Amino acid sequence: MTADGHGHGPAREHLGDELSAALDYELEPAEATRVEQHLDGCAGCRAELARLERARRTIRELGPVEAPPGLVDGIIRRRQGATRRAAALVGVAASLLVGLSLVAVEPPPPERPAAAPEPTLVRSDAGFVRLESTPRRHRDGDGSDPSFADRAHDAGQELLEFLTG
Amino acid sequence: MKVRRARLRHGAGPSGVPSWEEVARRHGDFIYTVAYRLTGNRHDAEDLVQEVLLRVQRGLPTYRPGSMEAWLGRITTNAFLDDVRRRRRRPSVALPEVFEVVTPGAPPADEALDRDGLPSHVAGALKALPEDYRAACVLCDVVGLRYEEIASALDVPVGTVRSRIHRGRALLRRTLR
């Protein structure tokens, strides 16, 4: 690249990727000056510049394309479904953890030595995760409120119904 | 020769960080356009849009308000090149290459459906470019990025960007003649 100062450089000094960079206004000022000087005296490079400009314009004129109808909506719907299911699963896990920790921390009431049954996650044959527990012994007709574990269990069941239903 | 950059614009610029769904709805056509220019066919473009929107969802928390389209163009191109590299690593997926060898120059069927209203050989010529050249040309002439932005997006030196864009155009003008 030593063609400085000469409008009529020898053939081996013809311009290469400077031409594309010139079209994109990506030349440093000094380089731009050199390229201009060369172009002034070289018809071959001017013709090449014109051809490159046509190729560049061709890509630009391809213009925007509309996405097929339903493509973006479908992706959004699938993502929302996945996000909702994940959030609900986290809810189930959280309610189970809270319920179980309360059962573990709370000392059993003296009149009812049996601790609340621990609900457990069971994978059924159908592939659904279900909450299972032994029959609840708190609702034995003494009018007392159901324990927190029972309520957590119920909430978990509701969420699971929402998930699987 | 006066050539000012004509950037594609879809919708108003966001004032803050938009939600993922807003990005998907507002810029879906833009992402699809870039994906279609890169892949050259509808099926791959649709897959690419899906992958891009996943990446957008993951990356949105770190997005700083600026040029959304530059950001999306960058993600789309990188997702495309990642896919190209993955396919190259698995030579068992050789069907597309075999297909192209068997039918040289035949325009893909879906180009007839192209709503550009432009000769399908233009899109075909773009598709015939090596992926690295195509990616640089698309980021420059479809997304409207500066060379420095392209260099940062592709993680290559600016000189490499300049050379890829030039070679891409040089090949295109030969194909289009």
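Since this is a predicted model, take the numbers as computed values, not measurements. Protein chains get the first letters and strands the later ones, always in sequence-line order, with residue 1 at the start of each.
For chain B, the nearby part of A/Leu71 is the side chain; its heavy atoms alone come within less than 4.5 Å. Proximity to chain A is limited to the side chain of B/Leu54, based on heavy atoms less than 4.5 angstrom apart. Proximity to chain B (any heavy atom under 4.5 Å) is shown, for A/Arg57, by neither the backbone nor the side chain.
Counting non-hydrogen atoms of other residues, nucleotides and ligands closer than 6.0 Å to CD of A/Gln80 gives a total above 12.
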Requested in this report: Apply side-chain contact (heavy atoms from CB on, under 4.5 Å) to A/Leu27 and B/Arg162, showing your working.
Outcome: CA-CA 10 Å; A/Leu27 291 176; B/Arg162 174 163 138 168; 3.7 Å; yes
Please step through salt bridge (charged side-chain N to carboxylate O under 4.0 Å, His left out) for the pair B/Glu21 and A/Arg79, ending with a clear verdict.
CA-CA 10 Å; B/Glu21 203 185 312; A/Arg79 292 306 302 161; over 6 Å; no
Query - B/His166/A/Leu52 under side-chain contact (heavy atoms from CB on, under 4.5 Å): CA gap, chis, key distance, verdict - result: CA-CA 8 Å; B/His166 178 68; A/Leu52 288 168; 3.4 Å; yes
Item checked: Evaluation steps, salt bridge (charged side-chain N to carboxylate O under 4.0 Å, His left out), between B/Arg25 and A/Asp73 -> CA-CA 8 Å; B/Arg25 290 198 196 284; A/Asp73 277 343; 2.4 Å; yes
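Closest of all the heavy-atom pairs between B/Trp20 and A/Ile75 is CH2-O, 4.2 Å. Listed here is the closest heavy atom pair of B/Arg169 and A/Ala55: O-CB, 3.6 Å. For the pair A/Arg60 and B/Cys140, the tightest heavy-atom approach, listed with the atom from each and the gap, is NH2-O, 3.7 Å. Taking all atoms of both residues into account, the shortest heavy-atom contact from B/Asp29 to A/Ala67 is OD1-N, 2.9 Å. For the pair A/Gly63 and B/Arg37, the tightest heavy-atom approach, listed with the atom from each and the gap, is O-NH2, 3.3 Å. Nearest approach of B/Cys137 to A/Ile59, heavy atoms of both residues: CB-CD1, 4.1 Å.
Going from atom CD1 of A/Ile76 over to atom CD of B/Gln57 covers 10.0 Å, rounded to the nearest 0.5 Å. Taken to the nearest 0.5 Å, the CD1 atom of B/Ile165 stands 6.0 Å off from the CG atom of A/Asp24. Separation of atoms CG (B/Leu53) and CZ (A/Arg78) is listed at 10.5 Å; rounding is to 0.5 Å. Rounded to the nearest 0.5 angstrom, B/Arg174 CZ and A/Arg51 CZ are separated by 9.5 Å.
Residues forming a salt bridge (charged side-chain N to carboxylate O under 4.0 Å, His left out) with B/Asp47 (at least two apart in sequence, or on another chain): none.
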